[in-house]
There are 2 protein chains.
Amino acid sequence: MQITSKFTAAVHILTCIEIFGGEMRVTSDFLSGSTGVNAVIVRNVLGQLREAGIVETRQGSGGANLAKALDEITLYDIYKAVDCTDDTGLFRFHENPNAKCPVGRNIHKVMDSRLEAAQAALENDLKRTTLAKIVADTKKIIEDE
Amino acid sequence: MQITSKFTAAVHILTCIEIFGGEMRVTSDFLSGSTGVNAVIVRNVLGQLREAGIVETRQGSGGANLAKALDEITLYDIYKAVDCTDDTGLFRFHENPNAKCPVGRNIHKVMDSRLEAAQAALENDLKRTTLAKIVADTKKIIEDE
DNA sequence: AAAGTTGTAACAATGTCTGTTTCAACTTTC
DNA sequence: GAAAGTTGAAACAGACATTGTTACAACTTT
């Protein structure tokens, strides 16, 4: 299985908001054009980012802007904002291990902490990168084009 | 999204093969009983583990056994054996970023290496745990019950 | 030859992701 | 105050992946 493309779309969206936000109103329609993602999905993602306190949106007049400093938003924050698997974690467990089997009734005790550690390793790596770096890298590439 | 439960089922299956393999013939039916996973799925998982060189199975007579030493099988090996996302990676990218937009045509350059690093962090953590540890922990818990 | 097992294909049921349509609520502008 | 453009949100459809199920050929042992 794969992690939903809403995550990369969200990073793309936030980068656009920062880069184009100064000179124009960044609407869901504009973001849909840049990302290639349906405008309703864009609004959906913006809604999740708003709930996470990462962006602000304006109903009626339209447009979105960042609600935090660039270096206070990590890829992890974005990942968590659009992630739908909060409760159950990254790994899915087979659901009915047999309690009558010594292995079946203990497999969770043995595996759970290790799965959590692996998930934490992924998440900690995502925490290393801020949106400030993403935007800086993007601007640099654009300048060098 | 979540990682398929075939991974935890595979760990469960391999643990059973090691723990019960000495005293009995470990068939897909037995493994289905312990894991609660359908016997055909068990055979499917065993087939993937066999292709990865982790187990041997016997057609006709039935039963499975490990093909490698316990400490030469890591959770990563098992993960990769049953993983179906080899080609595209753990993260899914939104598919049609707009090449006419400066951000759209460069988002891959900025993000790809970071997504690969995060995936590597997860996988490296899984490499830290061998099946030997899983089996040892399981046996210890069973003894203490 | 009989019984039990694996390997595999085909299909169904379920769930998730993404897109689409639709419309009420809101803000700005005229 | 009306018009135009936008957001927020619900409802539904299509595509795809996962898991379970059925069925059966091939194989091994007794």
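Throughout, a chain's letter reflects where its sequence line sits, starting with A, and its residues are numbered from 1. Basis for what follows: all heavy atoms, side chains included, without hydrogens, waters or symmetry-related copies. Everything numeric here is computed off the predicted structure, so don't read it as measured data.
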Task: d(CZ, A:Arg25; P, C:dT28) in whole Å - done: 10 Å
- [ ] Check the distance between D:dG5's P and A:Arg43's CZ and give it to me in whole angstrom.
- [x] 15 Å
TODO: Considering just the side-chain nitrogens and oxygens of A:Asn38, establish if one lies under 4.0 Å of OP1 or OP2 belonging to C:dT18.
DONE: no
TODO: If C:dA25 has a Watson-Crick or G-U wobble mate with both distances under 3.5 Å, name it; if not, just say none.
DONE: D:dT6
Open item on the list: Is there a side-chain contact (heavy atoms from CB on, under 4.5 Å) between B:Leu131 and B:Thr15? Walk through the geometry before answering.
Closed with: CA-CA 8 Å; B:Leu131 190 58; B:Thr15 304; 4.1 Å; yes
Task: Of A:Asn96 and A:Asp29, the one whose closest DNA chain D nucleotide lies more 5' - done: A:Asp29
- [ ] Rounded to the nearest angstrom, tell me the gap between atom CG in A:Leu46 and atom P in D:dT6.
- [x] 14 Å
Task: Exercise: do B:Ser32 and B:Asp29 side chains pair donor with acceptor under 3.5 Å - done: no
Open item on the list: Using 30° and 60° as the class boundaries, would you call the ring planes of B:Phe7 and B:Tyr79 parallel, tilted or perpendicular?
Closed with: perpendicular
Task: Any donor-acceptor N/O pair, B:Lys80 side chain to B:Glu123 backbone, under 3.5 Å - done: no
TODO: Would you please test A:Ile134 and A:Leu75 for side-chain contact (heavy atoms from CB on, under 4.5 Å) and show each step?
DONE: CA-CA 9 Å; A:Ile134 299 291; A:Leu75 292 186; 4.2 Å; yes
Task: Rounded interatomic separation in angstrom, taking CD1 from A:Ile3 and P from D:dC16 - done: 21 Å
TODO: Find out if a path of hydrophobic residues (ILVMFWY) with successive side-chain heavy-atom gaps under 4.5 Å connects B:Val26 to B:Val40.
DONE: no
- [ ] Find the distance B:Gln48:CD to C:dT8:P and express it as a whole number of Å.
- [x] 11 Å
Task: Nearest-nucleotide pick for B:Arg92, side chain only, options being C:dC17, C:dT20, D:dG8 - done: C:dC17
- [ ] Between D:dC27, D:dT21, D:dA9, spot the one nearest the side chain of A:Val40, thanks.
- [x] D:dA9
- [ ] Choose from C:dT27, C:dT6, D:dT19 the nucleotide whose nearest atom is closest to any side-chain atom of B:Lys6.
- [x] D:dT19
- [ ] Measure from the side-chain heavy atoms of A:Ser5 and tell me the nearest of C:dT6, D:dT6, C:dT18.
- [x] C:dT18
Task: Rounded distance (Å) that lies between atom C1' of D:dT7 and atom CD1 of A:Ile13 - done: 14 Å
Open item on the list: So A:Gly62, base contact, sugar-phosphate only, or nothing? Heavy-atom distance under 4.0 Å.
Closed with: sugar-phosphate
- [ ] Have a look at B:Val37 and say if it touches a base, only the backbone sugar-phosphate, or nothing, with a 4.0 Å heavy-atom cut-off.
- [x] sugar-phosphate
Open item on the list: From CD of B:Gln2 over to P of D:dT19, roughly how many Å is that when rounded to an integer?
Closed with: 10 Å
- [ ] Could you tell me the separation between the CG atom of A:Asp83 and the P atom of C:dC17, rounded to a whole number of Å?
- [x] 9 Å
Open item on the list: Nearest to the side chain of B:Ser61, heavy atoms from C-beta on, is which of D:dT29, D:dT21, D:dG8?
Closed with: D:dT29
Open item on the list: Can you see if the side chain of A:Ser28 gets near the phosphate of D:dT6 - specifically, an N or O under 4.0 Å from OP1 or OP2?
Closed with: no
Open item on the list: Using OP1 and OP2 only, check whether a side-chain N or O of A:Thr4 sits under 4.0 Å from C:dT18.
Closed with: yes
TODO: Would you mind telling me which residue lines up with the more 5' stretch of DNA chain C, B:Ala64 or A:Arg58, judged by nearest nucleotide?
DONE: B:Ala64
- [ ] Please figure out whether A:Ala39 or B:Arg50 has its closest DNA chain C nucleotide nearer the 5' end.
- [x] B:Arg50
